[in-house]
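Working notes, structure below.
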Amino acid sequence: MDEISEKTKLTAESLIGETAHELLKRTHWLTAVLENLPLGLLLMSTGGHIVRANDAFLDLSRIDSIDSIDHSSDLAPWNETEGFHEGRIECITKGDVVRKILELPDGRYFTGIFIPVTSNGESNGVLLMVKDVTTDEVSARRFDAFAELFDEGILILDTDYTLVWANDVFRRWFNAGDDYVGLPCRKLFENKREFCKNCTVAETFSTGLSHRCFEVAEIEGVGGRTFEILTGPVKNSRGEIVQVVKIIRDVTDRENVVIDLANTKMNLESANVQLTRRIDELAMLMELSEALQAVDNLDENLHIFLTAVTAREGCGFNRAFLFLLNRDKGELVGRYAVGPSSPEEAGRIWSELASEKINSFADALKTYRKAMADGDIEVNTIIANLRFDIDDTDNLLVKSLDSTTPKIFKDALNNPESRELAETLRTEDFAVVPLFAMGRPVGVLVVDNVITKADISELGLKLVKMLAGHASLAIERGMLTSKIAEQYEKLQEAYEKLRENQELLLRTEKLSAIGKLSAQMAHEIRNPLVSIGGFARNILKKAPDGSSIRKGAGIILEEVDRLEGIVDDVLSYSRSFKPHCRNTDINGLIARTVEMIEDQFERAGVEVELELEESIGEISIDPEQIRQVFLNLFKNSISAMPDGGTLKVVTKCYGGFVWTEVIDTGVGIPSDYEGKIFEPFFTTKSSGTGLGLSISFQIIEAHSGMLWFSSHQNEGTTFFIKLPQRVES
Amino acid sequence: MAKILIVDDEANIRTLYETEFEDEGYEVSTAESAQEALDIISKENFDLIILDIRMPGVDGISALEKIMVKNRNLPVLINSAYPAYKDNFLTWLAEDYIIKSSDLGYLKKKVAETLEKRGKA
């Protein structure tokens, strides 16, 4: 300061004496002004040397003093500030005032005004005026940052409709470039007259109110966009409108969203309708499934399924015919059908149904079954006799087994492929739905609308297919169940047989044990018999004819013979009954056997009648065995007549057989025992081995004959013996 | 005169057979056990043996085997009250298997046939 004042003083003093004082006064005033201005002042030479700085500049620069004219050492903060040197040079070059925002390294902002200082038209240097605008600048920058966050275009217009400020978005949309300040808005909207048609800016200036409107404009590279434009006033402290803020918002997407929303709503509504229908279908399926699960009976399941196919609440077909595959027989068999036989019957059933309150599919099932209780006769008559060989691959239904999708046959009578079936079912249009269970075909379903003549709808068929999925499983299950039941019965039978066999085995074991015992006994008996008989024969040989010794020896021999025969039987029982046949007079054999137990008959009060056909002559039999048979039968008949009676023995001969009947008037054989009397060890007597009839049966069988009986309670029993009339040569 | 050995543990039967076959004109010896029979055979020659099976001690089938070891050509007729031994194939070594009966007719017939076949009748 001293330097300047000195220089000024010197100049003043040397140049103008009189006015020096005045000048000095002015210089002091000027100096006082400069010193007291809240502006930093720096006077620099054109080369950039520091000429002078006021206190404010030093304060603002936070420099204590400037000791050198070299700015590089004393103006450290400014040297690092972008625009400081550039401003000076620009100012000198242009010879004009240059404004710059200077940001110091410490973060403060200054407005710098570079004023050229000239002397005699020549540039002497530059006067820089700096003012701390940190607060303003930070606000402005915050505002910018804030404004750039928006997707909207934001601009501020002056009262003369020129741009004061605009954010990047706006500048981009409207090609405003960087030097937009001062541009009239009209120019920006040149090709977008719509923006000016209802100018909201004018509106805002005149009314002082905010406005909103929509405009459509073409944006380069983007196309037609819809904009929402908001306008609001910027007022000064007196409430006067000094500027207008305009916010331009691209709402094209929002519009689209609204349109999309409307479309979506429509779609949702139709989806809702479909969903409702779907839920109904699912509910029906579930109910059908439940109904099917509830019963194990195949017929019941088929009925439920077909009712579901024909119920209005189900698939709504008029009639349904079900054919099931019988894999064992290789046939496709008409199994079950549902549907009215005539329009009249349909009318009756349907009007009956209409009067019923049906809330659910289960209700429908019940009601339909009631209404159609006797309505399915005709359709079932049609289907009852239908069966197709599964090798007949020309057959429409057999062919359908391998297909996976339902097929509709329209005007079927005029189609050679479908004519036969259409004639059989008496229908014109029908559809065939293949049924599957676990991936295997189980049958086919034929549906039609023969009464209502309604078109067979794809939707209905879809529903049938879904129902069929459930029903097929139930059908398969039903078939399996009946198969299992059948197997179970067979198993039961086998078990029964096994049990019987086990019993037989037990009896056989018993027989075997007793057989062993009796064989041993027989062996023991046989030896003494050999001695008795042998000596009797010896005596008989030596005794004189007609002597009593000879007669006695004869009787001994006869009895020994009989005993030996029994021993033979017992010994051979568990072995074979192979008869040792020789030609024998069977009538004589019977007579002798009767004679043998004459005493027993007499004691029991049984009268014996013989009706023997003499023409029989001799036949080839084992006399011992056959006598054993008659002995058994006779003894049994004596037991059967405890109060006496008549035993009649009849022989006949015809057809190559000898027929013998042993008829008693006894108590008869209880029907419970009929199947058992020929079993070994079966006996009703308290004493007896139970072997008699069993041995007899086997003996006759071994003779290729037959032994059977007929008996009436308290009337008597007849045993029949049939033996082949054979003679050994 | 053919020599016959009758082997049976029952005295009555031995007596009966002895009587009957002597009546037929044979020279009859008897043994009451298989062991005795084997002893006798080792000392004497016989043309035919009638052999019981069920006997105390050595049974008839074992005896038959031993006899056959000594002399394969000696005819033996098994004479048993029990047909079941027919199942034992060793009995096939015998000339025949005859079931005991008080009627000796069949046995006698067989004895005669066998001896005739061997030229000893």
Side-chain angles (χ1 to χ4, degrees), chain A residues 511-543 552-580 582 622-625 627 695 702, chain B residues 4 6-26 28 30-34 50-57 59-61 77-89 91 96-112:
Chain A
L511 175 78
S512 160
I514 292 183
K516 255 184 206 164
L517 186 72
S518 43
Q520 229 159 355
M521 273 180 65
H523 174 79
E524 297 305 324
I525 290 166
R526 190 184 311 264
N527 279 332
L529 281 180
V530 169
S531 308
I532 296 165
F535 281 110
R537 249 176 258 273
N538 198 269
I539 291 165
L540 195 66
K541 219 162 38 182
K542 290 165 184 170
I555 291 169
I556 293 171
L557 253 185
E558 216 169 275
E559 285 304 300
V560 166
D561 277 352
R562 189 156 70 86
L563 281 173
E564 281 189 316
I566 291 168
V567 165
D568 282 344
D569 279 352
V570 171
L571 283 177
S572 57
Y573 180 77
S574 58
R575 298 160 66 77
S576 70
F577 283 91
K578 193 173 176 239
H580 299 285
R582 59 177 188 262
D622 182 325
E624 291 303 321
Q625 287 189 357
R627 185 170 58 188
I695 290 175
Chain B
I4 297 175
I6 292 163
V7 188
D8 202 303
D9 59 324
E10 287 207 30
N12 288 340
I13 290 196
R14 287 199 302 276
T15 310
L16 174 68
Y17 284 12
E18 202 174 6
T19 313
E20 287 287 324
F21 282 100
E22 276 175 357
D23 284 356
E24 295 289 318
Y26 300 110
V28 180
T30 61
E32 62 172 73
S33 71
I50 296 170
L51 181 65
D52 187 18
I53 291 178
R54 268 187 71 133
M55 290 179 291
D59 69 270
I61 293 174
L77 294 178
I78 285 174
N79 187 44
S80 172
Y82 206 53
Y85 293 119
K86 271 184 189 170
D87 295 344
N88 188 331
F89 70 93
T91 61
D96 207 343
Y97 191 119
I98 298 152
I99 305 296
K100 271 184 190 170
S101 168
S102 63
D103 185 350
L104 301 185
Y106 184 70
L107 180 61
K108 285 176 182 168
K109 194 176 139 199
K110 273 285 156 194
V111 169

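Within every chain, numbering begins at 1; the chains are lettered A, B, ... in the order of the sequence lines, protein sequences first and strands thereafter.
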Could you tell me if the side chain of B/Asp8 sits less than 4.5 Å from the side chain of B/Thr30, heavy atoms only? no

Of B/Ile98, B/Ile99, B/Ile53, the one forming a side-chain contact (heavy atoms from CB on, under 4.5 Å) with B/Ile78 is B/Ile53

Of B/Val111, B/Ile4, B/Ile6, B/Leu51, the one forming a side-chain contact (heavy atoms from CB on, under 4.5 Å) with B/Leu77 is B/Val111

Contact part of B/Asp23 toward chain A, heavy-atom cut-off under 4.5 Å: side chain, backbone, both or neither? side chain

Would you mind checking which part of B/Thr19 comes under 4.5 Å of any heavy atom in chain A, side chain (CB onward), backbone (N, CA, C, O), both or neither? side chain

If you count heavy-atom pairs under 4.5 Å with chain B, which of A/Asn527, A/Val560, A/Ile532 comes out on top? A/Asn527

B/Glu20 with A/Lys541: basic N within carboxylate O range, under 4.0 Å: yes

